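Values below: every heavy atom of this structure, side chains too, minus hydrogens, waters and symmetry copies. Below, read A as the first sequence line, B as the second, and so on, with proteins coming before strands; counting in each chain starts at 1. Just so we're clear, the structure is a prediction, and the values are computed from it rather than from any experiment.
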Amino acid sequence: MKARVFVTLKESVFDPQGQTIADALHTMDYDRVRNVRQGKYFELELDVETVDDARALANEVADRLLANPVIESYRIDVEDETIGVSK
Amino acid sequence: MKARVFVTLKESVFDPQGQTIADALHTMDYDRVRNVRQGKYFELELDVETVDDARALANEVADRLLANPVIESYRIDVEDETIGVSK
Amino acid sequence: MVTINSKTLDHHGLSREEYQKILEILGREPSPTEIGIFSVMWSEHCSYKSSRIHLRTLPTTGARVVQGPGENAGAVDVGDGLVAVFKIESHNHPSFIEPYQGAATGVGGIIRDIFTMGARPIALLNSLRFGSLNDAKTRGILEGVVAGIGGYGNSIGIPTVGGEILFEDTYKGNPLVNVFCLGLAQAGKLVMGEASGAGNPVYYVGAKTGRDGIHGATMASAEFDEQSSEKRPAVQVGDPFMEKLLLEACLELMQTNALVGIQDMGAAGLTCSTSEMGSRGGVGIDIDVTRVPQRESGMTPYEIMLSESQERMLMVVHRGREAEVERIFKKWDLHAVSIGVVTDDGQLRVREGDSVVAEIPNGKLADEAPCYNRPTEIPGYLEQVRHLDLEALPVLPAAESALLKLLGSLAVTSKHWVYRQYDHMVRTNTIAPAGMGAGVVRLKGTDRALAISVDGNGRHCYLDPHLGAMLAVAEAARNVACAGALPIGATNCLNFGNPERPEIMWQFARAVEGIGEACRALELPITGGNVSFYNETDGQAIYPTPVLGVVGVIENASSVLNRVFPSSQSAILLLGGGSGVLGGSEYLKTVCGQVAGSLAPLSLDSERRLQQLLVELAAAGLIQSAHDCSDGGLAVALAECCFDSGGAGADLMMPDDASGGRTDVAEASILFGEAPSRVLVSIAESDFGIVRKKVEIAGVPIAAQGQTGGDRITISLAGRKVLDLSVADAEAAWRQGMERFFVNRAA
Amino acid sequence: MKFAIVVFPGSNCDHDAYYATKHVLGADAEFVWHKELGLQGADVVILPGGFSYGDYLRTGSIARFSPVMASVMAFAEAGGPVLGICNGFQILLETGLLPGGMLYNRSVKFQCEQVYVRVEELETPFTCTATPGQVLRIPIAHGEGNYFAPPDELDLLEANRQVVFRYCDVEGAVVDAANPNGSARGIAGLCNKQRNVVALMPHPERACESAMGSADGLVVFESAIAQLKSDGMVLPG
Ligand SMILES: Nc1ncnc2c1ncn2[C@@H]1O[C@H](COP(=O)(O)OP(=O)(O)O)[C@@H](O)[C@H]1O
Ligand SMILES: [Mg+2]
């Protein structure tokens, strides 16, 4: 089973990396890119049977290691390869 | 319009970050996490009208700045906020 | 078995003659793995086939040389039972296609070369060349390269203590990234990349092997389909954390005597390390590729042998000590895996399980590598670019505005933007602040310090490769001497175009001659180096760019000097004669937009006396600062001595050297003309007399005198002021020359 | 009187902390490997700078799970003096012993340079011999030292007098131009509520000898020694 974890800085937290990219894009004349936020993206390969187990495990791992709840929030997508659907 | 860009190292490229996280998870007894790959995740806020324009712009920006095709590949998701669907 | 056709040979960069030699050595047709092994071992990169004949002429011996060229790095005795192990290497091409990782893995590679020798790396430097920063792509490459160098060095905890960076259009499509590393080892405890003792196990340690950096393209064989070349990334990703573990584990292992020999897997990975270790020791090595830790499935022996995955080492250890070795690596969470054994039959034998996929006489692979004396020819451009008619220059700007322009130019401006991104202090040995001249690290537990400088000027070498190369040696050594250090050893990185073109080969041959001449005269043995050919885009070669790295010793670390004038009232002397010339100068390029003319000559004898004098005066504590006149000439050097001093100015007086011709040209030559062997020093008023005497005894001319003080930079000729600028204005121009090219929201 | 310097895989300022405490100050110091479970009877624990586990994920995030950290936490909870420097600060944030988190520097670049910090609090084991408002010249060397905490948390920190160091100019004024990385309210160092756990981004161990450009960092280590001497603290082993 595959889980995708997206970790982003919380809305209220200033994102220097995203801001720098936005600035760079503006000097390259991409003015239509109004704002950029940068986060981290993880693909986990999990040795579990069900989508629920995958979600639970990915959640635990994100909570304990992948994200710092003080500044970040995360979102999880589980892909059941047998049926090819993202949940 | 919002575009999400996921940049990951190509399959064949070694990902020391993902490897280090996987190793850490294993010493924490998360053996069911078989493999981890780490990538970057960008949320772009775009000043465009159509989903197609958003996709084209996000593509261009990813090609020119966000990813280096020599070692990375990327994927784009466009979200039309008016209808709330990811494409 | 595949048949070898001409396409296969082309893909592997092997000529017909080279293939004939392979047939002779083997007495049969090579297997795919064997052709791969020959192709990388006989590549320009590993065999130095076009350069060897020239490099042989370099001086490599001296009383202090402990290890000359041939090992992973050279070494010189620095006293107190210590040796300095150092080398410079290029990572130009990878840094162009993936700036961050290309530069980072360059740093990783040179660090491995140093700790492989049993030395703890204590200092990094780098020499960089880029196109103009007006180009957005170049800015991106620069940002990536600098971040990559910092990313690796900072993380592994080795300070980057110095370097140089220059910008010329010629490097636009071919930037140069040369990295230098120096380590420290106990005398007599160097570890060699040599295998010996039949029956001793061969260990593999470090990162797993993937399909990284395999260049030998597709072969007409089921083994090498299109897809597998698709899967081969051209650039590796660096893992400084892994390297830090390897570094500590290897150094710990070297404290035991369980190790026979060790070599890092750099270019040509497992192939190069097994065959070189075997041939150095005159033994055979027998390995089984199925035991090599692999990152990807389905790798062929060919791929495993040629992979350039980073952060890997090959070791031979004494039989019976295996458990001890494995325990040390386990402590650092690394696996040491036995992949084979040393034999006494001299063969490099590669097995895949039960079958032998390659069997090559080790010695012949190394010793019978091709060696070419390629034709040379004077380049056609030379006559034209050497011609310079000074009288025909347009009216020159006022000295003050020319100086401001030079100070803000990329060649001269503060490189703070660069070195701020490097941790230059970790390990608390760096006793020279960043950006003040040579990098200086103290040797804890002794009174000594080492000073290091890397220098080169491609524009000079373009105009005159022989003299340009000599100037690079002289400047690197002089920068070290300006820190108060006696230059004792050198390494070089030779960046050139395509050696198959006679004009390029001529540049190369002339440059190597120049390096040899200068090093002999300055008693600077070359203990190693690196050649990077094929630096071209669209058939257009870069400026010939030899970069010299010079290491010097300061007997008493507390006498280290830098460029900054002291705040007290002091006397200034310009040591060394030889008025500058505008030919090939930064002034001519930046202010007049021309690259032309002849360079000022170098007297190696004067240079040597000047450097010895500097070391003597510094050791005696008789001078307070020293800075050489380099890019931008005297006026720029004088201004630089005033920067970072808190605004103290300087006033310099020179006799008029009436030369006839246009007065603006004559003045510009004096203020901004360039010539070697000129150094500005400051002296406490009370020491002035004794210094003068020592200078006289040394036979070094004094070209100008002055005082520090005030808040302006002034120079007068025979009592007439020809330059008068406030330090504040000058310093402001100098500080922002590089920063202004980058969006910078930060403090 | 013994300093324990914890060595994580990837630590690289461990030797510098050792050299400063042992050779410059002449105190007793010992390395403690991260896989060890005890602290070897140390009186003061230092979590040094570096890139533990490469800091690929998030600075300090993996180190906090190292076996030795349980002892460090227990030592800290029992009131033992703990000093986190740079990566050590980041690790302490991850453990929750100190509040807040680190963002990338405003420049989004690694920065190594001399800065000035003002000592805000003397009531900690690592600042007790400083003078009120003393300005120290100490280097920073980090890419992620931009301290963040939500406003109410920051207010709480101020109310509890937990802000120990602030970036300032040479005169001691806390102004934005002197803030090298964008840290909230110029915060360069903090302590916990009990005041025994102190952490800062600048490197005092790099500023213990004039040869290194400044000896202002000495006060941090001298304070620890003085404090232990004066109250003859009995500490948990
Ligand atoms: N790429 C770099 N990396 C580190 N330090 C650099 C780099 N480029 C320049 N510097 C530093 O900036 C200072 C000035 O460099 P440079 O102009 O080459 O000096 P010089 O003219 O004395 O040789 C030196 O101290 C040098 O170490
Ligand atoms: Mg120079």
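More than 12 heavy-atom neighbours from other residues, nucleotides or ligands sit within 6.0 angstrom of CD on D:Glu153. Heavy-atom neighbours of B:Lys40 NZ from other residues, nucleotides or ligands within 6.0 Å: at or below the threshold of 12. For D:Tyr147, the OH atom sits in a packed shell: over 12 heavy atoms of surrounding residues, nucleotides or ligands are nearer than 6.0 Å. The 12-atom threshold is not exceeded at NZ of D:Lys193, counting heavy atoms of other residues, nucleotides or ligands nearer than 6.0 Å. For D:Arg185, the CZ atom is densely surrounded, since the number of other residues' heavy atoms within 6.0 Å is greater than 12.
Contact residues of residues 46-73 of chain D toward chain B are D:Tyr53, D:Tyr56, D:Leu57, D:Ile62, D:Phe65 (heavy-atom distance under 4.5 Å). Within residues 17-24 of chain B, the residues that have a heavy atom under 4.5 Å from a heavy atom of chain D are B:Gln17, B:Thr20, B:Ile21, B:Ala24, listed by number.
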